[in-house]
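Each residue takes its place number in the sequence, starting with 1.
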Amino acid sequence: MAKVLIVDDSPTETYKLTTILEKNGHTVITAGNGEEGVVTAKAEIPDLVLMDIVMPGLNGFQATRQLSKAPETAHIPVIIVTTKDQETDRVWGMRQGAKAYLTKPIDEKDLLSTISKVGV
């Protein structure tokens, strides 16, 4: 199964996503903000990144752009997982390099099917 990096400043959301992923056999690593997420992704080279948008400092759009542009992390699919449900946010997220965009609250089946759709 995959090594998944969750980048989210909400301990509750991180816990929910970790529970779903671990129950389905994935290994989880976490980061509490965008800067930490970029550093952790470069150090750990996960198979997938689940990225929140609204975080202090470097937001999820900026972190996704950095990961998709850096040679060492460009191959890692990023799925944006956020409460921002506007079409403009979705389009912008995909333009930053995200492979998929999910809105919270996350449905377990949707999450798992999206993970397999991005090839993980």
Side-chain angles (χ1 to χ4, degrees):
M1 296 263 86
K3 176 164 59 166
V4 181
L5 170 60
I6 299 171
V7 183
D8 199 316
D9 61 330
S10 162
T12 305
E13 288 299 328
T14 300
Y15 175 77
K16 286 181 194 169
L17 291 168
T18 299
T19 302
I20 292 169
L21 292 166
E22 287 180 344
K23 183 173 85 177
N24 287 279
H26 299 289
T27 304
V28 174
I29 48 180
T30 62
N33 60 50
E35 290 96 335
E36 189 184 329
V38 171
V39 169
T40 303
K42 288 180 177 180
E44 298 280 340
I45 310 295
D47 300 304
L48 173 71
V49 176
L50 298 181
M51 180 75 70
D52 186 26
I53 296 299
V54 183
M55 296 181 284
L58 193 70
N59 71 36
F61 289 135
Q62 295 164 319
T64 298
R65 184 169 52 244
Q66 285 188 20
L67 291 175
S68 65
K69 297 242 184 293
E72 65 270 38
T73 55
H75 68 284
I76 303 169
V78 175
I79 299 174
I80 290 177
V81 180
T82 182
T83 54
K84 293 173 77 64
D85 63 354
Q86 299 297 308
E87 186 59 26
T88 52
D89 295 319
R90 184 178 303 274
V91 169
W92 186 242
M94 300 307 270
R95 282 200 184 144
Q96 304 315 302
K99 300 292 181 236
Y101 193 104
L102 296 172
T103 52
K104 296 174 184 174
I106 290 301
D107 175 76
E108 183 171 342
K109 283 188 195 134
D110 288 347
L111 177 62
L112 296 173
S113 89
T114 302
I115 289 172
S116 48
K117 277 184 199 151
V118 300
V120 175

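- Ion pairing between a basic and an acidic side chain is recognised when a charged N comes within 4.0 Å of a carboxylate O; Lys16 and Asp8 show no such pairing.
- Expressed to the nearest 0.5 Å, how far NZ of Lys3 lies from CD1 of Ile45 amounts to 8.0 Å.
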Please list every donor-acceptor pair under 3.5 Å in which a side-chain atom of residues 60-86 meets a protein atom from a residue at least two apart or in another chain.
residue : atom : partner : partner atom : Å
Gln62   : OE1  : Asn59   : N            : 2.8
Thr64   : OG1  : Gly60   : O            : 2.7
Arg65   : NH1  : Gln96   : OE1          : 2.4
Ser68   : OG   : Thr64   : O            : 3.2
Ser68   : OG   : Arg65   : O            : 3.1
Ser68   : OG   : Gln96   : O            : 2.7
Thr73   : OG1  : Leu67   : O            : 2.7
Thr82   : OG1  : Lys84   : N            : 3.1

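- Note: Thr18 OG1 to Glu13 CD = 10.5 Å, rounded to the nearest 0.5 Å.
- Both Val118 and Leu17 are members of a single hydrophobic cluster when ILVMFWY side chains are connected at heavy-atom separations under 4.5 Å.
- Using a 4.5 Å cut-off between side-chain heavy atoms of Ile, Leu, Val, Met, Phe, Trp and Tyr, with links allowed through other members, Leu102 and Ile115 fall into the same hydrophobic cluster.
- Note that the CD1 atom of Ile106 and the CG atom of Leu111 stand 6.0 Å from one another [nearest 0.5 Å].
- Considering all non-hydrogen atoms of both residues, Asp9 and Met55 come closest at OD1-CG, 3.6 Å.
- The heavy-atom pair separating Pro46 from Leu5 by the smallest distance is CG-CB, 3.8 Å.
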Inset, instruction - Show the numbers, then the answer: is there a side chain to side chain contact (heavy atoms under 4.5 Å, CB included) between Val4 and Leu50? - result: CA-CA 7 Å; Val4 181; Leu50 298 181; 3.9 Å; yes

Sequence neighbours left out, cut at 3.5 Å: what donor-acceptor pairs do the side chains of residues 21-32 make with other protein atoms?
residue : atom : partner : partner atom : Å
Lys23   : NZ   : Glu108  : OE1          : 3.0
Lys23   : NZ   : Glu108  : OE2          : 3.2
Asn24   : ND2  : Ile20   : O            : 2.7
Asn24   : ND2  : Glu108  : OE2          : 3.2
His26   : ND1  : Ala2    : N            : 3.2

Inset, instruction - Assess whether side chain to side chain contact (heavy atoms under 4.5 Å, CB included) is satisfied between Arg90 and Thr103, documenting all intermediate values. - result: CA-CA 9 Å; Arg90 184 178 303 274; Thr103 52; 4.1 Å; yes

Legend entry - Verdict with supporting geometry, Glu87 and Val91, side chain to side chain contact (heavy atoms under 4.5 Å, CB included): CA-CA 6 Å; Glu87 186 59 26; Val91 169; 3.7 Å; yes

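- Residues meeting the side chain to side chain contact (heavy atoms under 4.5 Å, CB included) test with Thr19, sequence neighbours left out: Tyr15.
- A side-chain donor-acceptor contact under 3.5 Å links Ser116 to the backbone of Ser113.
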